[in-house]
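Each remark here refers to the structure printed beneath this line.
Model, not experiment: these values are computed from the prediction. Computed over heavy atoms, backbone and side chain alike; hydrogens, waters and symmetry mates excluded. Nothing fancy with the numbering, it's 1 onward along the sequence.
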Amino acid sequence: MLLVTAVAVAAPLAGLAANRWLRPRLLNEDDDTGMAVKDLVGPLLTLTVLLLAFVLVTANGSYGKAEVSSRGEARALDQLVETAEYAPAAQRARIQADAVCHARAVRTQEWPAMADGKGSPAPSVWSTDFRAAFRDLQGQPAFGMLVAADNKRSDEREEPLTQATVSIPPPSCGSCSPP
């Protein structure tokens, strides 16, 4: 994206510089028909519209991917809670309580942090506790199902975090930044 922005800025500047310094050398002395500023306005407007369209498509695609993945994470967490029904009572209660706390941490701490392009370590606390509860279940029939459900939840969690990183650079001038 940075490369596109740099080219979009450099191309008109290079064109103006070439028109200013190179074109007079290439024209005959009696040829005074130069390029007017109005001849550049149309292509610049077109370039601006294309750049804006590209930015909007990129932002919409990123939002769509994050939304789909967030729903996938919620489904995977729901599956983990349902799969915990096969575990003994003590581990079942711990896993299901951890799942509720994990969902709350994602909603109340991680999503606001992702608005700034960062993640939150809070949901990882509960992910670690899932794995601690799974260790107590090694060798039991529910162990494999719970690990698979947690791996699915973990995989789905990564995409929203990836999409939270800024793909559209902020304005670089000091007067353009928000208050």
Is Val147 isolated, or which residues cluster with it under the ILVMFWY side-chain rule of less than 4.5 Å, directly or via members? Leu77, Leu80, Ile95, Phe130, Phe134, Leu137, Phe143, Leu146

Between the side chains of Glu85 and Gln96, is a donor N or O closer than 3.5 angstrom to an acceptor N or O? yes

Regarding Asp150 and Arg153, does a basic nitrogen lie under 4.0 Å from an acidic carboxylate oxygen? yes

Gap between atom CD of Gln109 and atom OG of Ser120 - 0.5 Å precision: 5.0 Å

Quick one: closest heavy-atom pair of Gln140 and Asp136, and the distance? NE2-O, 4.2 Å

Check: Leu52 and Leu56 side chains under 4.5 Å, non-hydrogen atoms: yes

CG/Asp129 to OG/Ser124 distance, rounded to the nearest 0.5 angstrom? 12.5 Å

Rounded distance [0.5 Å steps], CG in Asn60 versus CD in Glu67: 9.5 Å

Nearest 0.5 angstrom please: Arg75 CZ to Glu82 CD, how far? 12.5 Å

Arg131 vs Ser154 side-chain heavy atoms within contact, under 4.5 Å: yes

How long is the gap from CD on Gln79 to CE on Met145, to the nearest 0.5 Å? 10.0 Å

Taking the side chain from His102 and the backbone from Trp126, do they hold a donor-acceptor pair closer than 3.5 Å? no

Under 3.5 Å, is there a donor-acceptor pair between the side chain of Ser69 and the main chain of Glu156? yes

Donor-acceptor contact present, side-chain Arg92 to main-chain Ala87, <3.5 Å: yes

Between Arg157 and Ser127, is any side-chain donor less than 3.5 angstrom from a side-chain acceptor? no

